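Keep in mind it's a predicted model, so treat the numbers as computed, not measured.
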Amino acid sequence: MRLRTAAGTALLTLTACTTGPALENRGELTAPPGDSRHLTIGSAGFTESDLLAQMYAQLLDQAGYKTSLITVANRELYEPALESGQIDVVPEYAATFADWLDAKTNGPGAPPAGSPDLTATMRALRRLATPRGLTVLAPGRAVDQNAFAVTAAYARQHHLRTLSDLGASGLKVRLAAGDECVQRPYCEPGLKKVYGIDITGVDPKGVGTTQAKRAVQSGQDQMVLTTTTDATLGQFGLVLLADDRHLQNADYVVPVVNRARAGGERVTKALGRLNDVLTTADLASMNQQVDSWRRLAQDVARSYLRDKGLLK
């Protein structure tokens with residue numbers, strides 16, 4: 001069952017004053033992991049999050065739980081709801097969620113908790129999540145990171161496979177990206193510092209937008225900021241350049257659960273089955289089926305799980 005506007009509105013109202021475990025109790029785990037029969041799976045409202053939430057729900061249904069899905073597009077609302085148990089499970093991204101919890105806990109000026117090192121990122125994330133009554137399950141193989149693409153013809157012409165190749169080429173590059181790219185360490189400053197790429201300017205057309213990709217396709221710009229699960233690159237004749245020096249943070253997909261309601265072994269085992277098979281390429285393919293082929297996320301998720309032998 002998918003809870004739409006009415007349920008979403010109710011949740012927004014309920015979570016407005018919800019902050020999770022009291023501050024004086026944080027850092028202590030006073031109860032064993034719970035195993036509620038009914039679990040609410042949260043989605044952040046974009047295609048990939050919807051797909052992951054659907055796969056989580058279907059795997060948990062098969063494991064004997066009754067599940068419902070709800071969409072709350074704002075992390076400022078769904079994270080407190082996860083702490084309070086109004087939402088029991090959400091798909092998250094390790095480095096991004098670590099940084100978000102770090103800022104919430106230690107203030108917006110806190111040093112980043114996420115990094116390109118997955119082990120260090122998971123350690124930091126769990127340290128921040130545990131006092132809030134949250135359990136971060138193991139990451140799988142799928143990662144949704146920032147990524148940079150050029151046209152296949154440009155890559156062939158200049159013998160480019162990696163961002164290091166682009167830096168070594170000495171080519172001048174105009175980058176289609178969000179306007180914040182000029183300040184973000186993973187974008188213009190990082191490309192210059194880590195790779196030595198000669199960025200001559202940032203064309204503020206957004207992250208992975210159609211407008212940005214067309215600017216590169218036409219030759220107006222030479223490179224576009226997108227993501228590793230962008231399934232539309234081929235439509236514009238674009239290819240990714242490998243982040244071979246690991247500029248980008250470890251944004252691996254991780255399930256996050258409310259410990260008191262969904263922290264038991266059965267949930268961990270059911271969701272862990274997805275880790276063994278789900279890849280970045282799989283996510284990109286499923287995103288394409290929803291965004292380009294107009295298939296329902298629920299149907300795409302079910303077909304994928306059946307094809308992988310995870311769903312009967």
Side-chain angles (χ1 to χ4, degrees), residues 46-48 51 93 95-96 116 118 140-182 184-253 278-293 300 304:
F46 56 94
T47 296
E48 189 168 290
L51 284 163
Y93 300 92
T96 296
L118 177 59
R141 300 154 61 192
V143 57
D144 187 349
Q145 295 170 303
N146 295 303
F148 297 91
V150 298
T151 66
Y154 185 83
R156 284 194 303 270
Q157 179 184 357
H158 299 290
H159 309 289
L160 306 177
R161 297 184 64 185
T162 69
L163 290 171
S164 288
D165 293 339
L166 182 57
S169 73
L171 292 164
K172 296 185 181 301
V173 175
R174 191 164 186 255
L175 176 64
D179 53 10
E180 73 280 359
C181 176
V182 296
R184 295 290 173 86
Y186 66 81
C187 204
E188 181 182 358
L191 291 172
K192 289 180 174 179
K193 181 179 179 180
V194 175
Y195 288 107
I197 297 173
D198 186 0
I199 304 293
T200 61
V202 172
D203 188 3
K205 286 184 163 59
V207 179
T209 63
T210 297
Q211 185 184 20
K213 292 170 191 169
R214 284 179 176 162
V216 176
Q217 184 183 37
S218 69
Q220 177 184 341
D221 300 329
Q222 287 72 52
M223 188 163 69
V224 60
L225 170 62
T226 183
T227 66
T228 53
T229 59
D230 187 337
T232 66
L233 295 177
Q235 298 173 24
F236 299 90
L238 304 178
V239 293
L240 293 179
L241 296 181
D243 179 24
D244 53 311
R245 295 184 185 173
H246 307 293
L247 173 62
Q248 304 304 324
N249 282 346
D251 260 330
Y252 284 75
V253 174
L278 184 65
T279 66
T280 304
D282 292 341
L283 271 182
S285 174
M286 285 188 280
N287 286 338
Q288 182 181 38
Q289 291 177 58
V290 175
D291 291 336
S292 299
W293 303 355
V300 173
Y304 177 80

Considering non-hydrogen atoms only, spot the tightest contact between [X] and [Y] and give its length.
{"X": "P116", "Y": "H246", "answer": "CG-O, 3.2 Å"}
{"X": "L240", "Y": "T226", "answer": "CD2-CG2, 3.9 Å"}
{"X": "V216", "Y": "A149", "answer": "CG1-O, 4.5 Å"}
{"X": "L163", "Y": "D243", "answer": "CD1-CA, 4.0 Å"}
{"X": "D144", "Y": "E48", "answer": "OD2-OE2, 2.7 Å"}
{"X": "A147", "Y": "T227", "answer": "CB-C, 3.9 Å"}

Would you confirm whether [X], through its side chain, and [Y], through its main-chain N or O, come within 3.5 Å as a donor-acceptor pair?
{"X": "N249", "Y": "D251", "answer": "no"}
{"X": "Q222", "Y": "R174", "answer": "yes"}
{"X": "T162", "Y": "D165", "answer": "yes"}
{"X": "T280", "Y": "V143", "answer": "yes"}
{"X": "K213", "Y": "V224", "answer": "no"}

Self-check item: Contact list for residues 185-230, test ring-ring contact (aromatic ring centres under 6.0 Å, His included), sequence neighbours left out
Solution: none

May I ask you to test the [X]-[Y] pair for a side-chain heavy-atom distance under 4.5 Å?
{"X": "F236", "Y": "T210", "answer": "yes"}
{"X": "D179", "Y": "V202", "answer": "no"}
{"X": "L233", "Y": "V239", "answer": "no"}
{"X": "Y93", "Y": "V253", "answer": "yes"}
{"X": "D203", "Y": "M223", "answer": "no"}
{"X": "V182", "Y": "C187", "answer": "no"}
{"X": "K193", "Y": "E188", "answer": "no"}
{"X": "L175", "Y": "F148", "answer": "yes"}

Practice problem: Tell me yes or no: between the side chains of D282 and T279, is some donor less than 3.5 Å from an acceptor? | Solution: yes

Quiz item: Is R161 paired with D244 through a side-chain N to carboxylate O contact shorter than 4.0 Å?
Solution: no

Quiz item: How would you list all residue pairs meeting side chain to side chain donor-acceptor pair (under 3.5 Å) that involve residues 147-158, not counting sequence neighbours?
Solution: none

Self-check item: Neighbour count >12 (heavy atoms, 6.0 Å) for atom CZ, R214
Solution: no

Quiz prompt | Stepwise side chain to side chain contact (heavy atoms under 4.5 Å, CB included) test for L171 and D198 | solution = CA-CA 7 Å; L171 292 164; D198 186 0; over 6 Å; no

